[in-house]
Structures are given as structure tokens and as C-alpha cells.
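Reading through the C-alpha cells given below for one structure.
Note on naming: letters A, B, ... go to the chains in the order of the sequence lines (proteins, then strands), and numbering restarts at 1 for each one.
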Amino acid sequence: MRIATWNINSVRMRLGLLLKLIEEEAPDVVCLQETKTVDADFPLAPLAERGYAHAHIHGMKSYNGVAILSRLPLEATAVQHWCDREDCRHALAMLPGGIELHCVYIPAGGDIPDPAVNDKFAHKLRFLDDMTAWLAEHRSPDRPMVLVGDLNIAPLEADVWSHKELLSVVSHTPIEVEKLGAMQRSAGWVDAMRHFVPETEKLYTWWSYRARDWAASDRGRRLDHIWVTPPLKPALTGIKVLRDARGWEPKPSDHVPVIVDLAV
DNA sequence: ATGGTAGGCGACCTA
């Protein structure tokens, strides 16, 4: 089973690139974040025509939005809300084989890494706390689960272009890294990307739009993640970060797709 | 220390 995750930064603007991803990589399931559209305007038909007949979409006007698109049947589709907001950041579904799939978009958190003066950062920290508490309750030792998405945190030193320079930059601050670590421990999540790529090796999934030349400066961060619970660890067969997608024409997302293969 | 770009939408927000 092949699962892809991508912060697409508007599914309507980048439908063509989504079709390219599907054609070239043939994932069974695609999880999207930042779809930025209400469900009525989601381009379901061109996906259904290509075999992605099962969709669990959860969007809103202008902001956020997550989607699970699948060639395999989806059951028990649901959404979760955190911080008493209904902002379309977490969708889940049961895949064949009883695998529970979570598609997540954690708040970016604004610019100032101080929850006392930046409400967006306070929201991000509380979102992590709320979701961690829920996962700790929700887990069961033998339940196979996959969690993917834009978690907006780069936890390891090799997940950013400069650990030292990003210590006070939202996405790599110690408090966020600690809270993401607590979330990872909440259900014994295995970091599938680092299962295959050594922790000391640079690995990025996002490059800013603001760089003159993203590839030359290569100031990236690993903000997108794929986690699996221990029952699925033996089934991990590979991951793929589509770095080239950062240059896809005509207009790339600032995030690239990440793919995991599971022998299930 | 600062500003750089992108998408959505509606006269500015979030990333």
C-alpha cells in the first residue's frame, strides 16, 4: 500500500500537479493539507475519473482544509476538532486491513515564538497538547495507525538548514520540538522518514517561496511527516521525498509530497 | 535588521 501526503497550498490552483503526482507515483491514498476550498468546490470528478473514487474531504473557505483521496474504500470517516475551533485540520478514515489513517495540518504558529504575545503560537502549542491528550486515550497497543501531514515542526537538527539560526524561529523552537516529541510518545509513533534516512542526514520537505533560488540556497525544513504505530513498523518498505516537486511547473507548492510504502 | 513570495478574497488575512 502506497500513501502520499502533500501540503498542496490550494487544490484548485494545483489540480494539474495533483494529477501529475497521481500519474507518476500511483499512490493508493493521497492525503492533502491546505486545500483552501469548501467541499462543494473540491475537484472530485477528475480524481474519480482516475480511480480515486473514495474521498473524505473536510474544507472551509480560504484557509486550511484536509482531504483523503483513495483508490481503496474508506470506512468510518471522521473529523477531529481542537482548541474549540472548527478549522478543518484533522480528518481520519479506516483503510482496508483495519489501518486507521490520520491526515493532519497543525497550525503554523505565526512569527513570534512567545505564546504570551502571539495568539497563533499559543494556538499551536495548545493544539499539540489537546491532540496529544486525545491520542494517549485513543491509542491501543495493537491498533495499526498511520499519521501523516504538515505538522509545521522540524524536530531534529538535520531537519533544518541551520539548527543554530532556527532555534528561535517558529517551527524549530525547543518548546515546539518538546511538544511534538510528547505527541510522538503518546502512541509510540515511529517516524517513518527517519526509519529510512539517518537522523544526521539533512532532509527537507519545505522551502520558502521567498528565496530567490530555493534550490541554490537550499534553506529547507522538514515540516511534513509520516508516522506509524508499532504494529506497522515491520511493514515499512520505503519512503520517498519528491524534492523535484518544489520546481514543478507552472506553479509549485512550497511543500513537496512525501510517500510511504507499506507491505500490507 | 529586514524583506523577500504565494493564494484567496474582497479592500488584508495566513502562510
In whole Å, I'd like the distance from the [atom1] atom of [X] to the [atom2] atom of [N].
X	N	atom1	atom2	answer
A:Asp254	B:dG7	CG	P	9 Å
A:Tyr63	B:dT14	OH	C1'	6 Å
A:Met60	B:dC13	CE	P	16 Å
A:Asn7	B:dG7	CG	P	12 Å
A:Asp111	B:dA15	CG	C1'	9 Å
A:Ile112	B:dA15	CD1	P	14 Å
A:Arg219	B:dG3	CZ	P	17 Å
A:Trp207	B:dT5	CH2	C1'	17 Å

What contact category does [X] fall into here, base, sugar-phosphate, or nothing, at under 4.0 angstrom with non-hydrogen atoms?
X	answer
A:Arg12	sugar-phosphate
A:Arg221	nothing
A:Arg14	sugar-phosphate

Nearest-angstrom distance, [atom1] atom, [N] to [M]:
N	M	atom1	value
B:dT2	B:dG7	C1'	23 Å
B:dC9	B:dA15	P	15 Å
B:dA6	B:dG10	P	22 Å

Could you check whether A:Glu23 pairs with A:Arg50 (Lys NZ or Arg NE/NH1/NH2 to Asp/Glu carboxylate O, under 4.0 Å)?
no
Would A:Asp218 and A:Arg243 pass as an ion pair if we require N to O under 4.0 Å?
yes
Counting only side-chain nitrogens and oxygens, does A:Lys251 get under 4.0 Å of the OP1 or OP2 atom of B:dT5?
no
Phosphate OP1/OP2 of B:dC13: any A:Lys61 side-chain N/O under 4.0 Å:
no
Is the distance from the ring center of A:His81 to that of A:His90 below 6.0 Å?
no
With DNA chain B as reference, determine whether A:Pro252 or A:Asn152 sits nearer its 5' end, using the nearest nucleotide of each.
A:Pro252
Measuring from atom CZ of A:Arg221 to atom NZ of A:Lys202, what distance do you get when rounded to the nearest 0.5 angstrom?
12.0 Å
Any donor-acceptor N or O pair under 3.5 Å, side chains A:Ser253, A:Asn9
no
